[in-house]
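What follows is a set of notes on a single structure, which appears directly below.
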There are 2 protein chains.
Amino acid sequence: MDNPLPENENAKGGWKQDPAGVQANILEIATMVFAEHGLSGTRIDEIAARTRTSKRMIYYYFGDKEGLYARVLEAAYAKVREGEASLDLDGLPPTEALSRLVTFTFDHHRAHPDFIRLVMIENVHQADYLQKSDVIRRVNTAAIDRLAAIIRRGEETGDFCHGLDPVALHWKISALSFFNVSNRPTFSALFGTTLFSETAQRRLRDDVAAMVLASVRKTP
Amino acid sequence: MDNPLPENENAKGGWKQDPAGVQANILEIATMVFAEHGLSGTRIDEIAARTRTSKRMIYYYFGDKEGLYARVLEAAYAKVREGEASLDLDGLPPTEALSRLVTFTFDHHRAHPDFIRLVMIENVHQADYLQKSDVIRRVNTAAIDRLAAIIRRGEETGDFCHGLDPVALHWKISALSFFNVSNRPTFSALFGTTLFSETAQRRLRDDVAAMVLASVRKTP
DNA sequence: ATGCAAATGTACTGGCTAGTTAAAAGACTT
DNA sequence: AAGTCTTTTAACTAGCCAGTACATTTGCAT
């Protein structure tokens, strides 16, 4: 929405050029358009039309369509993981921490459908562009580290069973949170929209948290 | 693979035309290509090149690209649900029946990645083409009916808690089985392929079944 | 065989769209 | 106030690709 830049008061007086602002604007619009139509479905002309600048500028700053797509993907991952990092769970008892993490993830995915769609699209492309970006890989291991910390604490307190795999746990949380957004169109086309009302979603979310919790809890 | 048609012995003698066979061949190839590249990413010329017939025939039988895509989607749903229908769970006790259903679904999704990819693609398109097909909707309610039957039996035996929603339960089973295939590219790009080895997948599958079972089981 | 409709082959086109060319205008340096 | 690098505009092009025109062949009915 707002760009993290020196004030651009191009309302009246002298200023007119604003490279960083233009780039940010392109990236923002491109994110929306790629998320809407996919890589091959997107027309650069549509992006250009919706930016405050021109097609020429897109090529000037981003090289080509794939370059722009790659940058969009990176920016999207960065933004989302940044949001997740704001969550501080270290103070909480492990059960509570995990429960919070799950509900947060569920809500967070729901709040960022464009990100989900980009990931879907990237999966259709066999993660070709993701693999090329080491930036993204680095950011994501942080998520696993956070989970591993919670698991360790849970083992120590005796709340969790031993030998839990943080990656597998992350997989479960992701699956239940991701599918909810990614497959909403087909799912509601087939089975109605009841499950996607606010109240049903809250119940579902709590249910999901309970499922994940049950899967790590020490059994008698 | 094989076409469900009157024997076409076009090896030697008189015969040459084989409309149904040609259509089936087009549909089979188109399924693969659409699953690989998506709707807008697919080139009709590529489909044509990989069929035993020509581009002209595609338009002759399917009208246009979207028509072909719609038919591919319908055929894919029909084939998959048909496979599911082969599973007979009525004889089993409800807990066992549900457990089998989950492991079956998990394996079944894994065995049909092209179908999964088509559904992903359809979700990117907001289920536009799915909504137009009432064939597909009808086939899918059967899945819910089967689940509802299991739930009812489980409530009667006292194994399951009351008030379970079959649609929500189907959502959970689908989420855990679907994500495993749909997001495998990005997930393994980010976290490695360990989770997708045969042994890890078996463990994951059993874990998933246990999770679902735990979520329906009557609690003290 | 002969008429007829269904099926198929060949060659084409027109519009769309990623990417470019050329040049001008802004801003910073001296 | 000139020189120079960066940013921006506007018009252009080349090739790809969905879809078609037209001709031809095949199978069947009579």
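Nearest nucleotide to the side chain of B:K65, out of C:dT8, D:dA18, C:dG19: D:dA18. Checking D:dC17, D:dT20, C:dT17 against the side-chain heavy atoms of B:Y59 singles out D:dT20 as nearest. The listed nucleotides are C:dA7, D:dA18, C:dT17; the one nearest the side chain of B:Y61 is C:dA7. Minimum atom distance to the side chain of A:Y60 is reached by D:dT6, of the listed C:dA18, D:dT6, C:dA7.
The distance between atom CZ of A:F62 and atom C1' of D:dT7, rounded to the nearest whole Å, is 14 Å. The CD atom of B:E46 sits 15 Å away from the P atom of D:dC16 (whole-angstrom rounding). Straight-line distance from the CD1 atom of A:I44 to the C1' atom of C:dC16: 14 Å, rounded to whole Å. B:I58 places its CD1 atom 13 Å from the C1' atom of D:dC17, with the value rounded to the nearest Å.
A salt bridge links B:E36 with B:R50: the distance from a Lys NZ or Arg NE/NH1/NH2 to an Asp or Glu carboxylate oxygen falls below 4.0 Å. Classification of B:R81 and B:E84 as a salt-bridged pair holds, one side-chain N sitting under 4.0 Å from a carboxylate O.
A:T42 has no side-chain polar atom (N or O) that falls below the 4.0 Å cut-off from OP1 or OP2 of C:dT17. A:R43 has no side-chain polar atom (N or O) that falls below the 4.0 Å cut-off from OP1 or OP2 of C:dC16.
Positionally, the nearest nucleotide of DNA chain D for A:M57 lies more toward the 5' end than for the other of A:M57 and B:D64. When each of A:K55 and B:S54 is assigned the nucleotide of DNA chain C with its nearest heavy atom, B:S54 is the one assigned upstream, toward the 5' end.
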Check the pair B:Y69 / B:E122 against side chain to side chain donor-acceptor pair (under 3.5 Å), numbers first and verdict last.
CA-CA 10 Å; B:Y69 172 77; B:E122 184 57 11; 2.7 Å; yes
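With no hydrogens or angles considered, a side-chain donor-acceptor pair links A:E66 and A:Y129 at under 3.5 Å.
Residue-to-nucleotide contacts include a donor-acceptor pair under 3.5 Å from the side chain of A:R56 to the base of C:dT21.
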